[in-house]
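Here is the structure we will look at.
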Amino acid sequence: MASPETTMELDSVGLENGLLETWSSEKLFEQSVKNRTDGEPFIFLEGPPTANGKPGIHHVVARTFKDMVCRWKTMEGYFVERKGGWDTHGLPVEIEVQKRLNLMSNPAIEEFGIEEFNKECRKSVWTYEAAWREMTERMAYWCDMDNPYVTLHDTYIESCWWALKKMFEKGLLYRGYKVLPYCPQTGTSYSSHEVALGYKEVNEASVYVKFKLEDTNASILAWTTTPWTLPGNVGLAVGPEVEYVRVRVTAEPEGWEGHGGAVVGEELILAKDLFKEVIRHHCDEIESFPGSDLIGRAYTPLFPGAVDRADSTTAWTVIGADWVTTTDGTGVVHTAVMYGEDDYNLGMEVGLPAQHTVDMQGAFLAGTHPQLDGKYVKDCDQTVIELLDTQGLLYREKMYSHDYPHCWRTGHPLLYYAMDSWFVRMTAVKEMLLEFNSQVEWAPDWVGEGRFGEWLRNVKDWAISRERYWGTPLPVWICNSCDHQHCIGSRAEMKEMAKEGSPVSDDPHRPYVDETILVCPKCDDDMIREPFVMDCWFDSGCASFAQWHHPFGEEGKFENNFPIDYICEGVDQTRGWFYTLLAVSTTVFESICYKRCLSLGLILDAEGKKMSKSKGNIVDPWDHFNREGADATRWYMVTAGAPWNPMKFDPNGVRETYGKMFLTLWNVHRFHADYAALDGFDPETSEKGVNTPLDNWVLARLNQVIAETHQQFEEWDFHKACRGIENFVVNDVSNWYVRRSRRRLWDEADSADKLACQHTLHTVLVTVSRLMAPVAPFMSDKIHRNLEGFSVHLADWPVAKEFDKDIIQTMELVRELAETGRKIRVDNDRRQRLPCGEGWIVAGPEISDFHEILASELNVETISLESDLNRFQVEVVHPNRRTLGAKCRQNLPAVLEGFANGDSESMLAAIDAGNLVIAGFDITKDDIEVRREERPGFAAQTIQTANGDSVSLVLDMTDTPELLSKGLARDITRRIQAARKNLDLPIEENIDLEVWMIDAPELFESDIKWIIGETRALNAEFIKGQGEGESFEVDGATIWYTLSASN
RNA sequence: GCGCGGGUAGCUUAGUCGGCUGGAGCACCCGGCUGAUAACCGGGAGGUCGCAGGUUCGAGUCCUGCCUCGCGCACCA
């Protein structure tokens, strides 16, 4: 170990870029990992980003929190591997390509060719890979980007297949329908994200329809905004608890317009609450009853023959559903199984026939009705209304305005349409999911209990198939003759089962996999693959094992890396990756997937608005990387607030962090390193010196900070930990320790005091570097290398030693007293440079260790303890509201008044005698606080210490010739030093000095010598009378001075 | 509509078990200090602690309702 090197002014961008090169040539990341191979593994899993979008500041946030924890754990001695990952499949990729090639629909893609299309997708996936790598490297996110897992790799896909087969074997995979927003023009169903792009307000006809009950002469009224779904009606849903009425029409209404109507004597049934709103005729109420009375009643189909009853016993009957409300409509919900999500779920539950009346082009199927067959459904709304009207089945028509989703590409209204889909039966493992979730340590805990728990309690079967092209193909084949289903679990299995002569491609993607025909194990006929790809969330949900190509890859790799210790992503992943990881591990392994999950808040702009491309309020991380540097950016993001709270990203804040934290720290380091280099200080071989109380104090504080930082890291309070470090660096180390130690290092001889200071600074800087290394990996490393000769990232996490809490408290008091002294001077109009003869600390604890510091801070000649309290101050009794409140309750005001009117001296005497009674209550010592306040006329202030004691500071304001001389000397020195600095004179440069004075107090010989020493004046003259050069006035005196470098 | 999380000085925020005059930082003004860096120190100004009730001797803190912002879920039959 040698002496540190002298340093330069801070250039953070240069510093960081320089270190990046050093790290890369040293392969420091690899080293830091390998260094800990003997340690217990800490398992981290990278949530794979998609590289077909540009990385933004929110990615920097997530990566900072990932990196920070991994670096911290590494320093603690854990073995922390970090494999990178890329999410490469899915709709966003396809949409990008579709836009570029103007392929608006599935038929258009197929015409273009799936093979070509997927080639384009494969290319598009990597559009921003370089940008991602650059960002990742520049921000110092340590992660193995050279051997990442990639969801489009054959091996990765094979693991996904394996997982799906596990589910299949457990009976958790099944085929069914899912109602999705579907655009018949493009032949595509849309995810909720895309649907959100296309909401438009529409004003269209809604209808009230009469459903004639079979066993009685009455009709149930139901309401719908989509008349085209009426031919598909197979049921009516009512709320079992909802109150319904049966009414008889007694007279025609006044001013009826539009289609529909009812005849006198006709009977109608609807929710009681909605009667007034819906019914236009004059009616008599016949009876009222709960919805449960209606359940099971059969009614006549509106379009007989449009749907086959098949073996359904519930078709065209009234069904109970507790989600039915009376907020609009009639309190009766028309149910068309294939054209509404609730309708479909209800239909499945009670066994309604699931049969389409509309084809994939959006046209009515043949056999629905002669006037409708083959026509586009949205064009038929009026026809349906007229058909019902002519049969007397229409009660009313009403224009209704609402938001309705439209195709973001073509602008056509989307149809909710039941699509063929494959599902994972998550509902079957709900209890297990909840149990596993309760084992996860969530930060913050309310995301786990609340948002995520809520989601799990309402878990639905997972629709994992997509009618798309670019994705992991669904490995399920169905037999042409016997409908046998087979799920492939590996590439080998596919080869084995392939029909002779059928192509088996090495690339598992479409369209190649579509061409592979399997032989049915049941009947030897051909099996054809289901034409779906999988939800890309399934891909990333498999990451915990597919990254290792489990179970085909390296043996033991997966087992040793599961379950995961730590994952961290934005809160938007709650229903995304956080869920799919758990969903897959639960169904495949019957295990938890991760033990700890940090869910990060959204990132907002400085105004609190969500960052989005369209608003143009995106912050480019490079703006900060290139200005304040990655350290300041990372530190800012960690200290700005709790990680799970939404973060308002304020570019100004980054600048502040840079100026405050990093510039300060750098200058402390520079101060130490420059002197250490000059003196040839070596932390290992140089004498230890003799610690002053100041050294002992800062070392105690250091250990306190170590302890607090560690504790707060453990509790996920990274923001508090880092604010604590920052406070220590800025306030304690720089603004107090270094400020008070400056003169110690000016000593040119190797004094014991200087050595102690240098050892102390060394320890403090090295330890602080280690504490902040996980968050600010650059400057911490620069400092650590300079002082310790090796990288901070190979160092160990600091462990706190026992520390002296008393000295910390004492110093707190000393600093408060120093501030108090300045306040006294301001109040008494006495300038800081004019010394006071004496200062007294009244009734303070023993702090003589710090009298010297205090005297210097206060600029007093001597400090002494004064025990005679009465000399300067009186004791004042204050009530202790906390104890008195408990004792006196509602009588407290009276007691407080008693205190206010009482005389402190006599109250104290009474308490000592044990007989103070106020408003009927015995007052004891515990009920009061005694504070001392200075008597009027003294230059004094009283402060309260942390444990409630009063301490006062009194300054003697008397002037003497000696004091005036000293004060003048300091003023002169200060001016000359400023002039030296303006002239850019080196610190060791000597000067020639002339000083003239008018009306000045006498300058004592000793003070003249002091000026000469302080200013390094080789030749100096002090003259009474008017002079030349710069001048200033102090206390009525005028001073002129000239100086020049002495040669 | 339901759930979760916010709302404290112009801005960013701390505020523990309900208890002394609601603290900091940035910015602003005045003063001081400085061979101390984009520094430091003192003082000033700046507060309806989102609003309204309630509990309590006492509420930023607990309860109820409301307003508002963000996120999520549901609904839009």
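Here the structure is a predicted model, which is why all the values come from computation and not from measurement. Reminder, nothing fancy here: chain letters follow the sequence lines and each chain counts from 1.
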Of B:C73, B:G42, B:C40, the nucleotide closest to the side chain of A:Arg575 is B:C73
(Q) Once you apply a heavy-atom cut-off of 4.0 Å, does A:Arg655 come out as touching a base, just sugar-phosphate, or nothing? (A) base
Notebook entry, point to check: Strictly by modelled atom types, are A:Thr883 and A:Asp927 linked by a side-chain donor-acceptor pair under 3.5 Å?
Noted result: yes
When rounded to whole Å, the CD1 to P distance for the pair A:Ile824 and B:G43 reads 12 Å
_Quick check against the 3.5 Å criterion: does A:Arg980 have a side-chain atom that pairs as donor or acceptor with the backbone of A:Thr1015?_
yes
Would A:Gln711 and A:Glu715 count as having a side-chain donor-acceptor pair, cut-off 3.5 Å? yes
Separation of B:U37 atom C1' from A:Asp11 atom CG, nearest Å, is 16 Å
Q) Looking only at atom C1', what distance separates B:U56 and B:C63, rounded to whole Å? A) 12 Å
Exercise for review: Check every strand shown and say whether A:Ser734 touches a base, only sugar-phosphate, or nothing at a heavy-atom separation below 4.0 Å.
Suggested key: base
Side-chain N or O of A:Lys660 less than 4.0 angstrom from OP1 or OP2 on B:G25? no
Q. When all nucleic acid strands are considered with a 4.0 Å heavy-atom cut-off, which category describes A:Tyr658: base, sugar-phosphate, or nothing?
A. base
From CG of A:Asp381 across to C1' of B:A77 the rounded distance in Å is 15 Å
- Query: Can you tell me how far P in B:A14 sits from the matching atom in B:G7, rounded to whole Å?
  - Reply: 8 Å
Next on the checklist: Roughly how many Å apart are B:U16 and B:G6, using the P atom of each and rounding to a whole number?
Outcome noted: 13 Å
* Ignoring hydrogens and angles, tell me if any N or O in the side chain of A:Arg742 forms a donor-acceptor pair with the backbone of A:Phe671 under 3.5 Å. => no
- Query: Looking for any heavy atom pair under 4.0 Å, which part of the strands does A:Arg822 touch: base, sugar-phosphate only, or nothing?
  - Reply: sugar-phosphate
Problem set entry | Ring centroid separation A:Phe649 to A:Tyr636 under 6.0 Å | yes
Quick note, A:Arg723 side chain, CB onward, closest among B:U13, B:C76, B:G25 is B:U13
note: A:Trp577, atom CH2; B:G72, atom P; distance rounded to Å ~ 20 Å
Rounded to whole Å, CG of A:Asp572 lies from P of B:C73 at a distance of 10 Å
Note to self: Checking side-chain polar atoms at under 3.5 Å, does A:Ser12 have a donor or acceptor matched by the opposite partner on A:Arg627?
What the structure shows: no
Legend entry - Under-3.5 Å donor-acceptor pair between A:Arg831 side chain and B:G32 base: no
From CG of A:Asp926 across to P of B:C20 the rounded distance in Å is 18 Å
Which of A:Asn731, A:Asp732, A:Asn735 passes side-chain hydrogen bond (donor to acceptor under 3.5 Å, both in side chains) with A:Arg815? Answer is A:Asp732
| Base, sugar-phosphate, or nothing for A:Ala336, non-hydrogen atoms under 4.0 angstrom? | nothing
When A:Arg740 and A:Val571 are each assigned the nearest nucleotide of RNA chain B, the 5'-most assignment goes to A:Arg740
Expected list for residues 966-975 of chain A near RNA chain B, using heavy atoms below 4.0 Å, is A:Arg970, A:Arg974
A:Lys460 NZ to B:C75 P, in whole Å, measures 6 Å
### Task
Provide the distance between the two P atoms, one in B:U68 and one in B:G50, to the nearest whole Å.
16 Å
| task | Mind checking A:Glu454 for me? I need base, sugar-phosphate or nothing, with any heavy atom below 4.0 Å counting as a touch. | result | nothing
Task: is_close_aromatic(A:His334, A:Tyr339), centroid dist under 6.0 Å - done: no
Rounded to whole Å, the CG-C1' distance (A:Leu602 to B:G5) equals 12 Å
What integer number of Å spans the P atoms of B:C33 and B:C41? 15 Å
* Can a side chain N or O of A:Lys648 be found less than 4.0 Å away from OP1 or OP2 on B:U12? -> yes
Exercise. Considering only the C1' atoms, how many Å lie between B:A45 and B:C29, rounded to the nearest integer?
Worked result: 8 Å
message = Please classify the nucleic acid contact of A:His878 as base, sugar-phosphate, or nothing, using heavy-atom distances under 4.0 Å.
response = nothing
Under 4.0 Å between any heavy atoms, over every strand shown, what does A:Thr664 touch: base, sugar-phosphate, or nothing? Just pick one. base
Between A:Val333 and A:Arg742, the residue closer to the 5' end of RNA chain B by nearest nucleotide is A:Arg742
Looking only at B:G43, B:C41, B:A38, the nucleotide nearest the A:Lys823 side chain is B:G43
Worksheet item: Does the separation of the ring centres of A:Tyr395 and A:Tyr208 fall below 6.0 angstrom?
Response: no
Testing B:C17, B:U13, B:C20 for proximity to the side chain of A:Arg881, the answer is B:C20
* **Evaluation steps, side-chain contact (heavy atoms from CB on, under 4.5 Å), between A:Glu726 and A:Thr664** => CA-CA 10 Å; A:Glu726 182 169 331; A:Thr664 307; over 6 Å; no
Exercise. Ignoring hydrogens and angles, state whether a donor on the side chain of A:Ser599 or A:Trp442 is under 3.5 Å from an acceptor on the partner side chain.
Key: no
* To do: For the pair A:Gln832 and A:Arg825, evaluate side-chain contact (heavy atoms from CB on, under 4.5 Å) and give the outcome as yes or no after the intermediate values.
  => CA-CA 7 Å; A:Gln832 184 70 31; A:Arg825 282 177 178 269; 3.3 Å; yes
What interatomic distance, in whole Å, is found between P of B:C11 and the corresponding atom of B:G43?
-> 24 Å
| request: Quote, to the nearest angstrom, the C1' distance that separates B:C67 from B:G31. | output: 44 Å
Next item on the list: Would you indicate what A:Gly340 reaches in the nucleic acid, counting non-hydrogen atoms under 4.0 angstrom: base, sugar-phosphate, or nothing?
Entry: nothing
(Q) What contact category does A:Asn458 fall into here, base, sugar-phosphate, or nothing, at under 4.0 angstrom with non-hydrogen atoms? (A) nothing
Quick note, A:Gln977 side chain, CB onward, closest among B:C40, B:G42, B:G35 is B:G35
*asked:* Any donor-acceptor pair, under 3.5 Å, between the side chain of A:Arg451 and the base of B:C71, if you only look at N and O atoms?
replied: yes
Donor on one side chain, acceptor on other, A:Asn437 and A:Tyr579, under 3.5 Å: no
Among B:A77, B:G19, B:G32, the one nearest any side-chain atom of A:Val324 is B:A77
Could you check whether A:Arg975 makes a cation-pi contact with A:Tyr1041, meaning its NZ or CZ is under 6.0 Å from the centre of the six-membered ring and within 45° of the ring axis? no
Checking B:U37, B:G35, B:C17 against the side chain of A:Asn667 (C-beta onward), the nearest is B:U37
* Asked: Base, sugar-phosphate alone, or nothing: which one does A:Pro646 contact when heavy atoms must sit under 4.0 Å apart?
  -> nothing
The dot-bracket string of RNA chain B, counting Watson-Crick and G-U wobble pairs with both distances under 3.5 Å, using [ ] for crossing pairs and | for pairs to another strand, is (((((((..((((.....[...)))).(((((.......))))).....(((((..]....))))))))))))....
Ranking B:G19, B:G35, B:G5 by distance to the side chain of A:Leu985, first place goes to B:G35
- B:C57 phosphate, OP1 or OP2, under 4.0 Å from A:Gln890 side-chain N/O: yes
